[in-house]
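Order of the sequence lines fixes the chain letters, A, B, ..., with proteins taken first and strands second; residue numbering starts at 1 for each chain. Values reported hereafter were calculated over all heavy atoms of this structure, with side chains retained and with hydrogens, waters and symmetry mates removed. Because the structure is a prediction, the values reported are computed rather than measured.
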Number of protein chains: 2
Amino acid sequence: MEPSAKLDRKNRTRIRQIVGPDHCSDSSEDLFLYAYDALNRRYLPDMVVHPGSAREISELLKLANEARFPVVPRGAGTGLTGGSLAVDGGLVVTTRRLDRILDIDRDNMTVWCEAGVVNGDLQAEVEKEGLFFPPDPASMKFSTIGGNAAENAGGPRAVKYGVTRDYVMALEVVLPTGEILHTGSSAIKSVTGYDLTRLMVGSEGTLGFITRLLLRLVPKPETVRAMLTVFPETRMASNTVARIMSSRIVPSTLEFMDRSAIDCVKNYLDIELPDDAAALLLIEVDGRATSVTEQMATIQSICREVGANLVRAADSEEERESLWTARRSLSPAIMKIRPLKINEDVAVPRMKIPELIEGVEEIARCRDLIIVNFGHAGDGNVHVNLLVDPEDRDEVARAHSAVEDLFRLVVSLGGSLSGEHGIGIAKAPYLAIELDETMISVMRRIKGALDPNNILNPHKTFDFDPSVTSREFR
Amino acid sequence: MEPSAKLDRKNRTRIRQIVGPDHCSDSSEDLFLYAYDALNRRYLPDMVVHPGSAREISELLKLANEARFPVVPRGAGTGLTGGSLAVDGGLVVTTRRLDRILDIDRDNMTVWCEAGVVNGDLQAEVEKEGLFFPPDPASMKFSTIGGNAAENAGGPRAVKYGVTRDYVMALEVVLPTGEILHTGSSAIKSVTGYDLTRLMVGSEGTLGFITRLLLRLVPKPETVRAMLTVFPETRMASNTVARIMSSRIVPSTLEFMDRSAIDCVKNYLDIELPDDAAALLLIEVDGRATSVTEQMATIQSICREVGANLVRAADSEEERESLWTARRSLSPAIMKIRPLKINEDVAVPRMKIPELIEGVEEIARCRDLIIVNFGHAGDGNVHVNLLVDPEDRDEVARAHSAVEDLFRLVVSLGGSLSGEHGIGIAKAPYLAIELDETMISVMRRIKGALDPNNILNPHKTFDFDPSVTSREFR
């Protein structure tokens, strides 16, 4: 492959010198590998490197500012909105070699780790010390902590424990211009200076390249108990959630499925579901054993009082696993309906879920589409899955119109385009539905102040440019 | 009083037109009133206004950018680092009239309120609905929510519940250039765009004027129980904190006093304290009744095992109140020793408290000063109080040297200059002890991007200018 205008031979040589010849590649095979992420769109980078330190990343960024080529940070490539795609070519920089857990501090309940550590590996290591790292995105077996922080990932446990943002205390970040920035403090409470830690978290790799993180941990809960409940009306599920919360119980999981999602999974369940199943809740409570038992009993009463037509508690770890089968079999079951799933992780105020589901059902009818909804009922974060056949051009077009309908509905309910996946390129065309001009202008001003040459992860979120992103690789 | 160069007659007239003649003043009496805050330093503003809306504040800021005069936001003036002082004159803009609680949403557990609402009033109102707003700075009976957010205030409950930042979901902010910005979302989870909400929180009124807030609430805990325990060694108190946490209990309060603080308050207590009292912990646990009882028992065993020489649980609300007497009588008791208290709210990793206390004792010896330490043991946030006679110039000078010693010690322990009070002008001269050049440069770049004319709250934190702040009013 001929060096593109973005990276001439001289710069390729300099890049090789910075990271070492064993840690970079521009072979077609490797570039293909790094051309896509979980969004399922493809853009060829010019080169891929796996640096071993923040210092090397700093040198790469300084070179990029001199030579004006794009630099795209990449963790495990599990992102659903295209945040790690080199939409305009340039250099993909991975955190593959930054994979060390550096220091688990049991007494202060913190851990320092590098950005490329896989979330699940970190969880396993800290749990050996009786500690707990709550953020649990569905991708946790593969996705990296650096990527989780860049996207501010959530997960089912967010309803009780919050999202990645709530666990990042300090960061080592390479700025777009190459300086190495240290944000935050090892002290849990610190108000010295602007909160640059949280400005970086969720900035989708556009303001800095996260290389190292100090994470807050909590004690590992003693017990977890699960139950499954089914309602004949969506509104009953929302009312149940509200009543659970107002009875001073915050479950660690409050997963929701609508009628279409229940239809997808009912064959995977050991349990006979009632015919009239409009909404399902998978509820978990964690904490001290005595308290968990008491809370489970309260929740069961609430479900029955509100009108559940099935309430099933798991009495053992095996039964708990079997309840989770329903949730876990959802994605594969959905893929049997249509090969392409457009997953929009919208979020609304918790009590607006019934209106959201009704609205989505209306959109599905009008646009003649199959839409399956599930998600995190406790924090109003619903995954709206539009199922389409990518070969059916008309269906694809109808789906794109439906996505816009959905976002307008969500914003009219006081909600947000994305609860946890980010904007990237997937949601960028719709950003102005939620954010007004002032908000977008402030983001541009901050980006301009930190990345004057627009080097780091360009053409994402507010910097979306259809003339660039339409040049997809086939 | 003659109009100063900062605000000529024409601009005074325009300001009067914007807010209305009843809501502004440049009488000497009023200017004196707004010349100081809880830092106890004095700077005369040129004018004070009490606008009634974000729109008026927007007009004031547009005028200020045209005419180039400083604008200083002010809540209740309870800040301890001088954040609301008009150090370079100009216009003080209060949130006095922005005092409405707009909407308590019980089911979604949120509240919209204006910036001038007093924290304690908000707490009382939401508690009527069975809800709970955890941030509880010592000033909560007077301080405003807007000021709490601008400073990212903490309080004793932060160990379990986090700080103000953790409860702000969305903001209405007037930018330094006058545009009205709406950050965040009514959805609990939102990752659309940069986290400008948390960039504004803790920015000490330098990046935007907060006018309205959407706050997250939690269910009001069913029960609160308190206990007091005393140890013959500081290290025992820290070990107790670590053992409580690792036994999966997160108390709602873990207040700490060192030997000198205990000496100050022992006469105010109903309880006979042991002679050998190096450290005291005031511990509270909240939650469901059964769980609280169990946790209290566990904590008492831990205290005894670690070596406490007094463990006293409160069995009633009256006894709980009497234990809090110790904590509440501390500030007045301290003031009897010396008229001036320099309160530095440093923060270190939790387990570094013994090293911090030993270091502070050493500083007190070397600098021949009385230093009293108390604070929030659970999150390593210690209030180091240097007691000085302001008439004794030598003692004042020694205290200033001791503050610098303290900050160097704290940073060497991985800590932070401020856990909850902010930097303002009080800690600004020491900022570079904690933050490196890159961090300060990034803050400057962001400030420059949002406030190109340096209008909003100038000369604070990284923009500190001794030639300005030395022009104090006597």
Side-chain angles (χ1 to χ4, degrees), chain A residues 107-109 130 151-152 154 158 163 179-182 185-196 198-199 201-203 219 221-222 242 245-246 248 288 290-291 294 347-351 379-381 414-420 422-423 434-436 438-439 442-443 445-446 448-450, chain B residues 107-109 130 151-152 154 158 163 179-182 185-196 198-199 201-203 219 221-222 242 245-246 248 288 290-291 294 347-351 379-381 414-420 422-423 434-436 438-439 442-443 445-446 448-450:
Chain A
D107 287 332
N108 288 308
M109 297 201 286
E151 300 291 325
N152 190 16
V163 292
E179 303 97 311
I180 298 176
L181 174 72
H182 294 95
S185 170
S186 304
I188 285 182
K189 270 162 98 177
S190 169
V191 293
T192 306
Y194 294 157
D195 192 346
L196 300 185
R198 285 169 192 81
L199 181 63
V201 172
S203 68
E222 196 175 290
M245 298 287 205
S246 66
R248 301 184 174 100
R288 297 170 73 83
T290 46
S291 166
E294 195 187 309
V348 293
R350 190 190 298 139
M351 293 305 288
D379 37 37
N381 185 197
S416 179
L417 267 53
S418 178
E420 49 191 22
I423 301 301
E434 180 175 349
L435 304 186
D436 65 14
T438 308
M439 181 77 187
V442 170
M443 293 201 286
R445 281 181 252 175
I446 291 173
L450 299 191
Chain B
D107 287 330
N108 288 307
M109 297 203 284
E151 300 290 324
N152 190 15
V163 292
E179 303 97 310
I180 298 177
L181 174 71
H182 294 95
S185 171
S186 304
I188 286 182
K189 270 162 97 176
S190 169
V191 293
T192 305
Y194 295 157
D195 192 347
L196 300 184
R198 287 169 189 83
L199 181 63
V201 171
S203 67
E222 196 176 292
M245 297 289 205
S246 66
R248 303 187 172 98
R288 297 171 73 82
T290 47
S291 166
E294 196 188 308
V348 293
R350 190 191 299 138
M351 293 305 288
D379 37 39
N381 186 197
S416 180
L417 267 56
S418 177
E420 50 190 22
I423 301 300
E434 180 176 348
L435 303 186
D436 66 14
T438 308
M439 182 76 187
V442 170
M443 292 200 289
R445 281 182 253 173
I446 292 172
L450 298 192

Can you name the closest pair of heavy atoms from M439(A) and L181(B) and give their distance?
-> CA-CD1, 3.6 Å
What residue in G448(A), P349(A), G380(A) has the most heavy-atom pairs under 4.5 Å with chain B?
-> P349(A)
Heavy-atom proximity to chain A below 4.5 Å, by part of V348(B) | backbone
From the list S418(B), S246(B), P219(B), the residue making the most non-hydrogen contacts under 4.5 Å with chain A is S418(B)
When rounded to the nearest 0.5 angstrom, what is the spacing between NZ in K189(B) and CZ in R350(A)?
-> 12.0 Å
Evaluation steps, side chain to side chain donor-acceptor pair (under 3.5 Å), between S416(A) and S185(B) | CA-CA 6 Å; S416(A) 179; S185(B) 171; 4.6 Å; no
Rounded to the nearest 0.5 Å, what's the gap from OG on S203(A) to CG on L199(B)? Could you check?
-> 11.5 Å
Partners passing salt bridge (Lys or Arg N to Asp or Glu O under 4.0 Å) against R198(B) (at least two apart in sequence or in another chain) | D195(B)
With chain A, which of A347(B), G154(B), A242(B) has the greatest number of heavy-atom pairs at distances under 4.5 Å?
-> A347(B)
Does any heavy atom of chain A fall under 4.5 Å from the side chain of N108(B), the backbone, both, or neither of them?
-> both
Of the listed residues (I423(A), L435(A), D107(A), I188(A)), which shares the most heavy-atom pairs with chain B below a 4.5 Å separation?
-> D107(A)
Taking side-chain hydrogen bond (donor to acceptor under 3.5 Å, both in side chains) as the test, write out the residues that go with R445(B), two or more places apart.
-> E179(A), S441(B)
Turns out that what part of E434(B) lies under 4.5 Å from chain A's heavy atoms comes down to side chain
Heavy atoms only, distances under 4.5 angstrom: which of D379(B), I180(B), V163(B) has the most pairs with chain A? Name it, please.
-> D379(B)
Is the backbone N or O of S291(B) less than 3.5 Å from a side-chain atom of R288(A), with the two atoms forming a donor-acceptor pair by type?
-> no
Is a donor on one side and an acceptor on the other found under 3.5 Å between the side chain of N152(A) and the backbone of V191(B)?
-> no
